Protein chains: 2
Amino acid sequence: MTGNSHIQKALKMLENSPLKLTSQRVSLIKTLFKDGNQHFSAEDVYNKVKNTGVRISLATIYNCLNQFTSHGILKMVKASSDKVYFDTNLKSHHHFFCKASGELTDIDAKKVRISKLPKIPQGKKLNSIEVIVNISD
Amino acid sequence: MTGNSHIQKALKMLENSPLKLTSQRVSLIKTLFKDGNQHFSAEDVYNKVKNTGVRISLATIYNCLNQFTSHGILKMVKASSDKVYFDTNLKSHHHFFCKASGELTDIDAKKVRISKLPKIPQGKKLNSIEVIVNISD
DNA sequence: TACTAAATTAGAATTATTCTAAATTAGAAT
DNA sequence: ATTCTAATTTAGAATAATTCTAATTTAGTA
């Protein structure tokens with residue numbers, strides 16, 4: 001184990017972005033990408049980081065998560081919940097969402113095939129397709 | 001025109017539900033279902049109703065929209081926005097969402113075919129599949 | 001007509017998120 | 001190395017959507 005490759009890849013993306021390499025951003029990435037694909041809210045991240053001993057303000061957490069998202073280092077997921085989740089899985093994929101438990105799980109893009117789609121409205125271009133499979137107990 | 005059939009159908013659903021037939025609920029349904037399939041936020045509804053001369057408190061709007069949703073008289077839609085939208089289109093369908101304009105448009109279920117889907121996790125059951133086609137200018 | 005549980009309401013409370021303005025810092029220029 | 005400047009961080013205030021509270025009203029039943 002010569003360093004976690006998820007972390008390395010994310011740090012590389014940060015370096016290649018116009019964002020400055022601050023200690024907060026580096027700590028954040030190390031915490032977020034440590035355990036592979038994960039979903040978390042801003043509050044989750046705030047606590048996760050706090051547990052590592054580092055202290056980053058909630059405002060900074062929000063700032064960074066949003067900036068990471070707009071620079072492709074994270075994805076944002078909105079399921080039928082009341083808060084935004086961030087996703088370290090950057091590959092194209094979909095989600096199971098269980099409203100009762102609030103649980104969000106990845107679905108590999110390969111496991112879903114969309115074989116028919118309507119034409120995109122005049123003057124607009126396709127950006128992404130999100131499939132949310134709502135499940136319950 | 002012997003009365004709007006969308007309104008009639010929604011009112012029938014209200015009557016068949018355990019919800020009481022209050023003047024607020026009836027006004028709401030008449031306003032919401034007047035123009036066919038529509039998407040609106042709670043605030044939109046509040047203003048829409050106010051324009052008809054009727055006054056219903058915002059708390060009641062929220063209460064009713066939520067109750068209508070859980071009794072199948074409305075659908076709730078969450079796109080990549082910061083508020084919840086309610087949808088009078090009860091048929092199974094999907095959505096185009098343009099983040100820039102905030103515009104949400106229906107896609108008929110027939111225009112989308114999902115020909116492959118992963119198996120549902122242990123002990124859970126499939127509830128619904130939501131496809132959001134994100135578009136931009 | 002009276003009764004009771006459900007519904008409505010104003011306004012307070014809550015939650016997630018963004019904003020503000022002051023202090024700090026990364027990275028470029030010297 | 002030192003200085004400089006724009007970007008970043010931060011605490012705390014502000015905002016926006018939504019839910020809660022507790023008092024009043026009402027629908028539908030007895």
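Note on naming: letters A, B, ... go to the chains in the order of the sequence lines (proteins, then strands), and numbering restarts at 1 for each one. Worth saying up front: this structure is predicted, and the values here are computed from it rather than measured.
Taking side-chain N and O atoms only, B:Thr22 has no distance below 4.0 Å to OP1 or OP2 of D:dA27. Side-chain N/O atoms of B:Ser57 include one lying less than 4.0 angstrom from OP1 or OP2 on C:dT9. Taking side-chain N and O atoms only, A:Arg55 has a distance below 4.0 Å to OP1 or OP2 of D:dA11. Here A:Gln24 does not reach the OP1 or OP2 of C:dT24: none of its side-chain N or O atoms lies under 4.0 Å away. Close to D:dA27, at under 4.0 Å from its OP1 or OP2, lies no side-chain N or O of B:Arg25. Checking the phosphate oxygens (OP1, OP2) of D:dT18, a side-chain nitrogen or oxygen of B:Tyr62 falls inside 4.0 Å.
Taking only side-chain atoms of B:Lys20, from C-beta outward, the nucleotide of C:dA6, C:dA10, D:dA11 with the closest atom is C:dA6. Looking at the side chain of A:Leu21, the nearest of the listed nucleotides D:dT8, C:dG27, D:dA17 is C:dG27. Comparing atom distances between the A:Thr60 side chain and each of C:dT8, C:dT9, D:dT10 picks out D:dT10 as nearest. Among the nucleotides C:dA10, C:dT8, C:dT18, the one closest to any side-chain atom of A:Asn66 is C:dT18.
In this structure, a donor-acceptor pair under 3.5 Å is present between the side chains of A:Ser41 and A:Asp44.
Summary of the strand contacts: B:Leu58 and A:Asn63 both lie near DNA chain D, and taking for each the nucleotide with the nearest heavy atom, the more 5' one is attributed to A:Asn63.
Figure legend. D:dT29 is base-paired to C:dA2; pairs are counted as Watson-Crick or G-U wobble with both atom distances under 3.5 Å. Base-pair partner of C:dA29: D:dT2 (Watson-Crick or G-U wobble, both distances under 3.5 Å).
Counting to the nearest Å, the P atom of D:dT10 and the NZ atom of A:Lys50 are 13 Å from each other.
Around atom NZ of B:Lys125, more than 12 heavy atoms belonging to other residues, nucleotides or ligands sit under 6.0 Å away.
In this structure, B:His39 and B:His95 have perpendicular ring planes: the angle between them is above 60°, well past the 30° mark.
B:His93 places a side-chain N or O within donor-acceptor distance of the main-chain N or O of B:Lys91, the cut-off being under 3.5 Å.
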